[in-house]
Number of protein chains: 2
Amino acid sequence: MSNNLNFVAKLRNSGLRPTKQRIKICEILFGGKETFHFSINDLSKIVAQKTNEKISLATIYNTVHAFLGKGYLKQIAVNSEQSYYDTNVSDHHHFYDEDKSQLIDIHDCEVEPVKINKKIPGKKIKSIEVLVKVQNN
Amino acid sequence: MSNNLNFVAKLRNSGLRPTKQRIKICEILFGGKETFHFSINDLSKIVAQKTNEKISLATIYNTVHAFLGKGYLKQIAVNSEQSYYDTNVSDHHHFYDEDKSQLIDIHDCEVEPVKINKKIPGKKIKSIEVLVKVQNN
DNA sequence: TTATTACTTTAGAATAGTTATAATCTAAGC
DNA sequence: GCTTAGATTATAACTATTCTAAAGTAATAA
Ligand SMILES: [Mn+2]
Ligand SMILES: [Mn+2]
Ligand SMILES: [Zn+2]
Ligand SMILES: [Zn+2]
């Protein structure tokens, strides 16, 4: 609960009004020790489970977009069915378990630096991400 | 046109009947010297432009799925807006130009081999793909 | 405190990519 | 040619996401 003051400050500093919906979503996304991956549907379920007053799906989308824009979340491209988001915004990579439809972190230090011997004139690199698809053996 | 006999054979060998729609789509996808990347919408436009009798959108989806299943196409995860497909089914990587919404190949030989120092018990690696997002500088 | 205003939430409509349905058509084999 | 399994098609359905516009709320000026 004292954490909430931090979230209020975080939101204010970002130019986002600290509404009770946003604070609740902050608690869920940033209140735990571990970072995690989620879809909008996942987040929606967690919100429903941890809250009495419900938060509309529109607000969940709005908030995730706002947090993305502020750099508090990262969007991960896995497939074209739905978007995945990551509360870990550091540079890192992922396993994607196709059996469980689940992302697993690969820390930057767990991958030899990716060296790309090709340049595109007039373009700068924005991100380099490795996706390792795995399945049961 | 003599190419078409190859496509007919290719389809027959795959257990796919060589319909005129599939042959046409083969010509478009595999008839050129260069491989390329496309969305269903892209393919749909190319078909419309190169054909008199139109091919229904359902058939385009069906055919792309059939070719994916046979390993003649590869699906590339870029974002969750739509699926991208690649006529280059070899192991390789991609730039994604966010300004043009366009994929560009990075050959396997243009990237130092990606070494991952992490394993997931009970899982085997199915693919390793690097996506390098670039933008105008 | 109250009033004003800009921002936020919300239900529901709209949109877009994709998949399912079921009627019609056609390639393959007899 | 006849039969049949597989293919095509228009269209409906589905799902993730975005849009709309009305009602609610936080910030702040009076
Ligand atoms: Mn992650
Ligand atoms: Mn490619
Ligand atoms: Zn690490
Ligand atoms: Zn090469």
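As the structure is a prediction and not an experimental result, all values here were calculated from the model. First the proteins, then the strands, lettered A, B, ... as listed; each starts at 1.
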Note to self: Check the phosphate of dA27(D) against Arg12(A), side-chain N and O only, distance under 4.0 Å to OP1 or OP2. Yes or no?
What the structure shows: yes

message: Between His65(A) and dT17(D), is there a contact of a side-chain N or O with OP1 or OP2 at under 4.0 Å?
response: no

Walking DNA chain C from its 5' end, the first of Leu57(A) and Leu57(B) to be reached, judged by nearest nucleotide, is Leu57(A)

Assess the side chains of [X] and [Y]: does a donor N or O sit below 3.5 Å from an acceptor N or O?
X         : Y         : value
Asn62(A)  : Thr59(A)  : no
Ser39(B)  : Asp42(B)  : yes
Asn137(B) : Lys123(A) : no

Of the candidate nucleotides [options], which contains the atom at the shortest distance from the side chain of [X]?
X        : options                   : value
Thr59(B) : dT9(D), dA27(D), dA28(C)  : dT9(D)
Arg17(A) : dA27(D), dA5(D), dA10(D)  : dA27(D)
Tyr61(A) : dT17(D), dT18(C), dA27(D) : dT17(D)
Gln21(A) : dA26(D), dT9(C), dC19(D)  : dT9(C)

Whole-Å gap separating [atom2] ([N]) and [atom1] ([X]):
X        : N       : atom1 : atom2 : answer
Asn41(B) : dT18(C) : CG    : P     : 9 Å
Gln82(B) : dA16(D) : CD    : P     : 17 Å
Glu53(A) : dT8(C)  : CD    : P     : 19 Å
Lys20(B) : dA27(C) : NZ    : C1'   : 12 Å
Arg22(B) : dA27(C) : CZ    : P     : 11 Å
Ile23(A) : dT25(D) : CD1   : C1'   : 12 Å
Asn79(B) : dA16(C) : CG    : C1'   : 13 Å
Ile55(A) : dT25(D) : CD1   : P     : 14 Å

Please work out whether the ring planes of Tyr84(B) and Tyr96(B) are parallel, tilted or perpendicular, with thresholds of 30° and 60°. perpendicular

Just call it for [X]: base, sugar-phosphate, or nothing, with non-hydrogen atoms closer than 4.0 Å on any strand.
X        : answer
Asn62(A) : base
Ser83(B) : sugar-phosphate
Thr19(A) : sugar-phosphate

Give a yes/no verdict on a cation-pi contact between Lys10(A) and Tyr72(A), requiring under 6.0 Å between NZ or CZ and the six-membered ring centre and an angle within 45° of the axis. yes

Comparing nearest nucleotides in DNA chain D, the 5'-proximal residue of the pair Ser80(B), Lys54(B) is Lys54(B)

